Number of protein chains: 2
Amino acid sequence: MARTAGSHSDITGPKVREAALKLFARGGFAAVSMRAIAAEVGVQAGALYNYTPDKQSLLFDLMKSHMTELLAAAVDNAGQSAGARLDAFVGFHISFHHARPDAVFIAYMELRNLTPENFARVEALRRQYEDGLESILRDGVAAGAFRVEDTKIATLAIIAMLTGVNTWFREGGRLSLEEVTAQYRGMVRRAVT
Amino acid sequence: MARTAGSHSDITGPKVREAALKLFARGGFAAVSMRAIAAEVGVQAGALYNYTPDKQSLLFDLMKSHMTELLAAAVDNAGQSAGARLDAFVGFHISFHHARPDAVFIAYMELRNLTPENFARVEALRRQYEDGLESILRDGVAAGAFRVEDTKIATLAIIAMLTGVNTWFREGGRLSLEEVTAQYRGMVRRAVT
DNA sequence: TATATATCTGAACGTGCGTTCAAAAAGTAA
DNA sequence: TTACTTTTTGAACGCACGTTCAGATATATA
């Protein structure tokens, strides 16, 4: 009974989300029609409404899933030194974001298309993620390992800097992602030391 | 004869650009209709076509103007020390961007709505701006004042970090823009030293 | 096999889009 | 005041939008 009669919603459902993710990232939420998403899935537009109540919710689901996965994947070992934790954060952030450019793009660009309520929910998740980095910085300051005037500002500065990698880094370019990550680790470490 | 007969296009023209700037920033290019822009100006939609050949060109003009103003305003005194030039760059970037949040927002968010040709033109201007910072970094490295592994990466990292201020800074908050700028100057300096 | 449920189609709904253009209005020059 | 130019209106164009839904189709259970 794990699967009800006549169902292949467990096939089409994910396809709808994948298609929406890809097309929203490429063209922007407002510029992508439900018909375009349906065509990408291989279905008529009406069928999409078996999987989302409306276009808005589709966007919100994508953003919420992205933030939830981000939070679930971000592990922080408070037992280690603040320096090691910061290095780990830099590596994690760059590689996690590099692996899902479409979701990252949408999460940053389509915030204004959320209802105020949904916007607040996504923002709360984002703040939670930022808090993870900030507590590393605070612990480092408390332990005398870091010198940071304002940990909140440093947090935002570091995250902006790291997320920026997604806008220009391309596989097969002059440097590998590992080399790029190493350089960012160096800059971040020095910035807070 | 500085003004041709019957003209008040020198009043309406700027109003069209201002309205488009405001509404594009608020709602996104695709979501803002020509009728909405016209309403903001106080005119019928058809009248807009005295001031732009089409909606696309309106967007491109806004972005090109923004980048042109940015380049014109960014002065770099090569006579000073690299450290002083870098400090000046940080202050300039933050204050210039703070003063025109709508234009900055559009310049970053609506790139994908440009035709390939117009995109290339805007990108060229952006690269020119980045080159300004990179030459400061290179000079600093050559003079032994900075230690940077890859000046291109450092350039992109610094710009991403500074531009990020626009996403969260609000007048009247915990810190003044001057205080924020001072902290960014510190982080940037340390990151490259 | 027959029955029941889940899924999808295809057409339709009202609405708003970017753009065009003839005619009207507003302004300037003589 | 008259002649002329610039600017704006207001209606119209064909098209695409998000969403709904009755009916058709596919799948699973018994």
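Heavy-atom basis, side chains included; hydrogens, waters and symmetry copies ignored. Treat the numbers as computed from the prediction; the structure is a model and nothing was measured. Below, read A as the first sequence line, B as the second, and so on, with proteins coming before strands; counting in each chain starts at 1.
- Remark on DNA chain C: of its neighbouring residues B:Pro53 and A:Val43, the 5'-side contact belongs to A:Val43, judged by nearest-heavy-atom nucleotide.
- For the pair A:Asn50 CG and C:dT5 P, the interatomic distance rounds to 17 Å; values are reported in whole Å.
- Scored by the ring pair (Phe, Tyr, Trp, His ring centres under 6.0 Å) test, B:His66 finds no partners at all (sequence neighbours excluded).
- Each of B:Val32, B:Leu114, B:Thr115 was compared with B:Leu59 under the side-chain contact (heavy atoms from CB on, under 4.5 Å) criterion, and only B:Leu114 meets it.
- Counting to the nearest Å, the P atom of D:dC17 and the CD1 atom of A:Ile37 are 11 Å from each other.
- The nearest whole Å value for the distance from the CG atom in B:Leu48 to the P atom in D:dG10 is 14 Å.
- Both the sub-6.0 Å distance and the 45° axial angle are satisfied by A:Arg126 relative to the ring of A:Tyr108.
- A:Ser135 contributes a side-chain N or O that, together with a main-chain N or O of A:Gly132, makes up a donor-acceptor pair within less than 3.5 Å.
- Residues from residues 15-34 of chain A placing a heavy atom under 4.0 Å of any atom in DNA chain D, listed by number, are A:Val32, A:Ser33, A:Met34.
- Remark: C1' of D:dG18 and CG of A:Asn113 are 14 Å apart, rounded to the nearest angstrom.
- Using a cutoff of 4.0 Å between basic side-chain nitrogens and carboxylate oxygens, B:Glu117 and B:Arg121 are scored as salt-bridged.
- Salt bridge status for A:Arg85 with A:Asp76: present, with a side-chain N to carboxylate O gap under 4.0 Å.
- Under the 4.0 Å criterion applied to side-chain N and carboxylate O atoms, A:Arg127 and A:Glu130 are not assigned as salt-bridge partners.
- Here the side chain of B:Asn166 pairs a donor or acceptor atom with the backbone of B:His97 at under 3.5 angstrom.
- You'll find that the side chain of A:Tyr49 is closest to D:dT20, out of D:dT9, C:dG18, D:dT20.
- Between A:Tyr129 and A:His93, the distance separating the two ring centers is shorter than 6.0 angstrom.
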Grab the N/O contacts between the protein and nucleotides 10-13 of chain C below 3.5 Å, and write none if there aren't any.
| from | atom 1 | to | atom 2 | distance (Å) |
| --- | --- | --- | --- | --- |
| C:dA12 | N6 | A:Arg35 | NH2 | 3.2 |

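- Neither OP1 nor OP2 of D:dT7 sits under 4.0 Å from any side-chain N or O of B:Thr12.
- The side chain of A:Lys55 lies closest to D:dG18, out of C:dT19, D:dG18, D:dT9.
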